[in-house]
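All of these numbers come straight from a predicted model, not from anything done at the bench.
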Amino acid sequence: MNRLFKLRMILFGFGVLAVLPLAAVETSFWQVGTFDEILEGRLSGVSITKDGVLRLASETQSVFSPDVSMALSITADREGRLYIGTGHQGKVFRTDSAHHGTLFFTASEPDIFALAVGPDGALYVGTSPEGKIYRVTPDGKSSAFFDPKAKYIWALAFDAKGSLYAGTGDRGLIYRIDISGKGEVFFDSHQTHIMCLKFDARGNLLAGSDPDGLVYRITLAGKPYVLFQANLPEIHDLAVDTHGNIYAAALGGPVGKGGAPFLGPNIAPGPAVSGAAVTVVAGTEENTLAAQTRSPEAAGSGSSRNAPMSVGYMPPAANLGKGSLIEISPDYSAETVWTSNSEAVFGLAVKGDQVYFSTDSDGRVFDLRPETDSRELTLLSETGEAMATRLLFSGPDLFIATSNVARLIRLGASTVKEGTYESAVKDTKSISRWGTLSWRGEAPEGTAIEFFTRSGNSERPDPTWSDWKGPYRNSKGNPIENDPARYIQWQAVLRTTNNASPALDEVTVSYLNQNVPPEIRSFAVSNSAEPGNPAGPLPSAFGAPGMQSPGTSGGISFGPQSRSKVSPTGNATMFTWQADDPNGDQLVYSIYVKASDEQDWHLLKDLIRQTSYTLDPHQLPDGKYVAKLVASDEESNPPETARKSEAVSAAFWVDSTPPVVTVPRQTPSPVSVEVQFQAEDSISPLQSAETSTDGKEWHDVISDDGVVDSLLERFTVRVHGLSPGEHIIMLRAYDAVGNVGLGKAVVHVPGNGSP
C-alpha cells in the first residue's frame with residue numbers, strides 16, 4: 001500500500017467519522033461465561049469450573065429429611081450407618097444402609113454440635129449449651145459419659161489409643177477423656193472457643209479456634225504450636241489429605257461475627273442478603289507461622305462471647321460473613337486457595353488429594369483438586385438450602401448435611417442424565433428487540449445442549465412474563481422468539497445418553513434497545529433586564545414551580561426582586577432548558593412561539609445545539625406569548641426511528657414599552673403636599689413603584705388599592721414638612737419585564753399666611 005493511498009484512506013476515514021451520528025441506538029451483546037457471572041444464576045444438576053464451564057454434575061439425592069430445621073453434625077460408624085446431630089430439639093438420627101432414618105437419641109440439651117464413634121462402636125454425643133458428653137450404644141442405651149462444665153461442646157475426636165478429645169467454649173479448653181469417662185484439661189488455648197479437632201497422620205491433634213482464627217498442632221504430650229493465624233476470626237473446620245496438607249475453613253466478618261455466634265449463641269436473625277461473586281485466589285501467601293496467643297483477659301475483653309448467652313441458632317437465611325479456605329503444607333507454608341467476601345465455608349471433607357467444601361450460599365458444595373501448576377475448582381452442587389453445614393465421605397459417596405431445612409443429601413459418583421442452568425435476569429434498561437442467542441461449547445456424541453428464553457417487563461419473572469420459547473440448538477445463532485421487552489432470561493438444558501457430558505463455555509444474547517424519546521426536564525423563559533431592574537429575570541417555566549405540562553397553558557407569578565438600572569432599549573428574552581436522551585443520543589432543539597391571539601405555532605429558531613437561546617429586543621412585537629421547545633434525536637438516528645419530545649412554557653411578555661406616568665392631581669399646603677400619580681402599561685402588568693422628593697433617596701410606594709399588579713395603578717404620595725417654594729416629587733413605576741416609566745409633579749409650597 002503506497003503512501004498516497006494510505007493518505008486517501010485516512011482522509012476518507014475522517015470523512016466517514018464526520019457524517020456518523022455522535023450517538024445512536026446500537027446492538028448490544030449480553031455475554032455470560034465467567035465463573036462469577038454464572039454464579040449469579042441457578043443450577044440444577046450441573047457443575048461449574050473456575051473457568052466458567054458448565055457440565056453435568058454428579059447425581060444428588062435427598063436420602064433423609066428429619067422433621068427439624070438444622071443438621072449441625074454428622075458421623076458414620078464401621079457398618080456405614082450415618083448419625084446426624086440436630087439443633088433445638090437435641091435429637092440424633094441414625095440411617096441404615098438403605099439410608100432410612102430413625103430417631104436414635106434425644107438429649108436434655110437442645111443443640112448437638114459434635115458426634116464421634118468410639119473404638120467400642122458406641123456413639124459419643126456432645127451437647128450444648130451447658131452440655132455434657134453422652135455415650136450411646138448401638139442398641140440405643142445412653143448414659144452420661146463426661147461433664148466438662150463448659151457452655152459449649154463444639155468438637156469430638158478419638159486418638160489411636162481410644163482417648164476422646166473434646167473442644168469446648170466459652171473458655172477455649174480441650175479435654176482428654178479416658179475410656180472410663182475420667183477427663184482432664186489437655187490444652188488451654190486462652191481463646192474463647194475451640195471449634196474443631198482433627199488428627200494428622202503422625203497422631204498430632206489439630207485444633208481451630210475463635211476469635212483469633214488460630215490453627216494449632218498439639219503433640220500427644222500436650223506441646224502446642226501455632227501453624228497459622230487467619231485474617232478471619234474463626235477456624236470452623238479442618239481436614240488433612242493423603243499428602244499431609246492441612247485445609248482450614250476460616251469464616252466470619254467484623255468482631256462478633258465468628259462461627260460460634262453463627263452456630264448458636266447471641267445472634268438474631270438478620271435480613272436476607274444477595275450473594276456476591278466468589279473469587280478463586282491461587283498463590284496468595286498468608287502470614288504462615290507462629291502467632292502470639294492472647295491472654296484470657298485480652299481474648300474476652302469487650303467481647304460478648306464471654307457473657308452468658310442464650311441459645312438461638314441463627315436461621316441461615318442469609319449469607320453470614322466472609323470465608324476462605326487455607327492450605328497449610330507439611331513445610332508449614334500456607335496459602336489461601338479460595339476466598340469470598342460474602343460466602344462462608346462450613347464443611348470440609350477430603351478424598352485422596354481432593355478437598356471438598358460447603359458454604360452458606362444456597363448450600364453450595366465445591367471440589368478443589370490439584371493440577372500440574374494450579375488447582376481446579378468446581379462448583380459441584382447447589383442443595384438449595386441456606387447452608388450446607390457438614391460434609392462426610394462414607395464409602396464412595398459424599399454426604400451433605402444441610403440446615404433450614406435439615407436434609408441428608410447423597411452426592412454420588414455417577415453423572416446425571418439431564419441438568420439445567422437458569423441465568424440471572426438481564427435488565428436492558430428499556431424496551432428491546434431481541435436478536436439471536438449463540439453459544440460456545442462442546443457436545444460429544446450422545447450429548448446435547450439446548451436453550452430456552454423468556455422475557456417480560458417486571459424485574460422478576462412472574463405470570464406477566466412470556467412463556468419459555470425454544471428450543472434453540474444452533475450454536476452459531478438462533479433468532480430469539482420472544483416479544484420486545486425490557487428483561488430477558490435464558491435457560492440451558494444439558495443432556496447425555498452415555499457417560500460423557502456436554503460442556504458450555506459461553507452464551508451470548510444480542511438485543512437492540514428501542515429508540516426512546518428525549519426527556520425535557522425543564523423549560524424556562526425569562527426577561528433579563530440589565531442590572532438595576534427591580535423586576536429582574538421573571539421565571540416562566542416548564543419544570544419549575546408553576547410549570548406547565550406540554551400542551552397546557554397557565555398563568556405567571558411574580559415575586560419580590562432586587563432593584564436595578566433600566567435598559568432604555570428594552571429587555572432581551574432568554575429561553576433555557578434541561579434535557580437528556582435515555583439512549584445517549586445527541587439532541588438538537590427548535591423553539592416555536594405564538595401570541596395570545598394566534599392559533600398556530602411559528603418557528604422562532606431551529607438547529608439549536610446548546611441549552612439556551614436569547615431573543616433579541618424588538619425581534620417580536622410587544623405582546624403576551626407562550627413558547628414550545630422541541631427536542632429531537634434526529635442527528636443520531638435514521639429518520640424512520642428518530643424521536644421527538646415537546647414542552648410548552650407558561651405565558652410570558654415581550655414588552656419594550658415602558659409604563660406611562662401622569663399626574664392627575666396635586667394638592668399643596670403649608671403643612672403637607674399630596675400628589676396623585678397614575679401609571680399605565682399597555683402590555684405587561686405593573687409590579688412596583690418608588691418615589692423621590694427633590695432628587696433625594698428613592699422609597700417604595702404602594703398603590704392606592706394596596707397591591708401593584710395591574711396594567712393601571714394609582715398612587716397617592718404625601719410629603720410633610722416641605723419648606724415654602726418649588727419642589728419636585730417624582731414617581732418611578734416598573735412593569736413585569738423591567739421597563740420603567742418616570743413622572744414628576746412640580747409643586748409650590750406656600751408659606752404660612754399665604755393664600
Side-chain angles (χ1 to χ4, degrees), residues 63-169 173-184 186 196-199 263-264 311 313 389-390 392-395 399 401 403 406-408:
V63 295
F64 176 57
S65 297
D67 188 19
V68 292
S69 312
M70 295 151 285
L72 304 178
S73 52
I74 184 172
T75 192
D77 62 18
R78 288 187 292 268
E79 285 72 34
R81 293 174 296 199
L82 302 181
Y83 299 87
I84 303 101
T86 65
H88 276 9
Q89 297 180 27
K91 294 180 179 180
V92 178
F93 295 88
R94 181 173 69 180
T95 67
D96 57 23
S97 58
H99 308 306
H100 298 137
T102 56
L103 180 62
F104 180 64
F105 169 70
T106 302
S108 301
E109 296 76 31
D111 296 314
I112 298 170
F113 295 115
L115 295 173
V117 174
D120 57 355
L123 177 70
Y124 292 79
V125 181
T127 64
S128 296
E130 311 298 345
K132 301 177 179 64
I133 299 175
Y134 296 90
R135 179 179 180 272
V136 189
T137 61
D139 60 1
K141 295 179 180 179
S142 63
S143 59
F145 181 68
F146 179 68
D147 184 358
K149 307 298 183 183
K151 184 171 288 290
Y152 304 104
I153 300 174
W154 295 113
L156 297 174
F158 280 94
D159 67 12
K161 296 181 179 180
S163 295
L164 177 63
Y165 294 78
T168 68
L173 301 176
I174 299 177
Y175 290 87
R176 179 165 58 188
I177 308 110
D178 64 21
I179 194 171
S180 67
K182 182 180 179 181
E184 61 181 355
F186 173 68
C196 50
L197 299 172
K198 193 75 63 177
F199 283 94
L263 292 177
V311 171
Y313 183 87
T389 318
R390 295 290 181 183
L392 176 73
F393 270 104
S394 180
F399 288 89
S403 290
R407 288 196 298 157
L408 182 65

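Between the side chain of Thr95 and the backbone N or O of Arg81 there is no donor-acceptor pair closer than 3.5 Å. Side-chain atoms of Ser128 never come within 3.5 Å of backbone atoms of Asp111 as a donor-acceptor pair (strictly under, hydrogens ignored). A donor-acceptor contact shorter than 3.5 Å links the side chain of Thr127 to the backbone of Lys132.
Aromatic ring centres of Phe93 and His100: separated by at least 6.0 Å. In this structure, Phe105 has its ring center closer than 6.0 angstrom to the ring center of Tyr134. Taking the six-membered ring for Trp and the full ring otherwise, Phe158 and Tyr165 have centroids separated by 6.0 Å or more. Between Phe113 and Tyr152, the distance separating the two ring centers is not shorter than 6.0 angstrom.
Here the closest heavy-atom approach between residue Pro148 and residue Gly131 is recorded as CD-O, 3.9 Å. When all heavy atoms of Cys196 and Ala155 are compared, the closest pair comes out as CA-CB, 3.7 Å. Contact between Gly169 and Ala150 at its shortest, heavy atoms only, is O-CB, 3.7 Å. When all heavy atoms of Thr389 and Ser403 are compared, the pair lying nearest together is OG1-OG, 2.9 Å. Taking each heavy atom of Ala406 and Ala71 in turn, the nearest pair found is CB-N, 3.7 Å. When all heavy atoms of Thr168 and Trp154 are compared, the pair lying nearest together is C-CD1, 3.9 Å.
For the pair Leu72/Thr86, no side-chain contact is recorded, criterion being any heavy-atom separation below 4.5 Å from C-beta on. Side-chain contact between Val117 and Arg78: absent, with no pair of heavy atoms (C-beta onward) separated by less than 4.5 Å. Between Thr102 and Asp96, every side-chain heavy-atom pair lies at or beyond the 4.5 Å cut-off. Using a 4.5 Å cut-off on side-chain heavy atoms (C-beta onward), Asp77 and Tyr83 make contact. Counting only heavy atoms from C-beta outward, the side chains of Phe186 and Leu173 never approach each other to under 4.5 Å. Counting heavy atoms from C-beta outward, Ile174 and Leu197 have side chains that approach closer than 4.5 Å. Two residues are said to be in side-chain contact when any heavy atoms from C-beta on lie closer than 4.5 Å; Leu115 and Leu156 fail this criterion. Taking the side chain as every heavy atom from C-beta outward, Ser394 and Leu82 approach each other to under 4.5 Å.
To the nearest 0.5 Å, the span separating CZ on Arg390 from CG on Leu408 amounts to 14.5 Å. Atom CZ of residue Arg135 and atom CG of residue Asp120 lie 4.5 Å apart, to the nearest 0.5 angstrom. Note that CD of Glu109 and CD1 of Ile153 are 8.0 Å apart. Values are rounded to the nearest 0.5 Å.
Shown here are the side chain to side chain donor-acceptor pair (under 3.5 Å) partners of Ser163, two or more places apart in sequence or in another chain: there are none. Under the side chain to side chain donor-acceptor pair (under 3.5 Å) criterion, Lys91 pairs with Gln89, not counting sequence neighbours.
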Residues Phe399, His99; criterion side chain to side chain contact (heavy atoms under 4.5 Å, CB included); working and verdict: CA-CA 11 Å; Phe399 288 89; His99 308 306; 3.3 Å; yes
Working for side chain to side chain contact (heavy atoms under 4.5 Å, CB included), residues Val125 and Ile133: CA-CA 5 Å; Val125 181; Ile133 299 175; over 6 Å; no
Can I get a per-line list of side-chain donor-acceptor pairs under 3.5 Å for residues 136-146, giving both atom names and the distance, sequence neighbours left out?
unit_1	atom_1	unit_2	atom_2	d
Thr137	OG1	Asp139	OD1	2.2
Thr137	OG1	Lys141	N	3.2
Thr137	OG1	Lys141	O	3.3
Asp139	OD1	Lys141	N	3.3

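Within 6.0 Å of CG on Leu103 lie more than 12 heavy atoms contributed by other residues, nucleotides or ligands.
Here Lys149 pairs with Asp147 in a salt bridge; the nearest charged N to carboxylate O distance falls below 4.0 Å.
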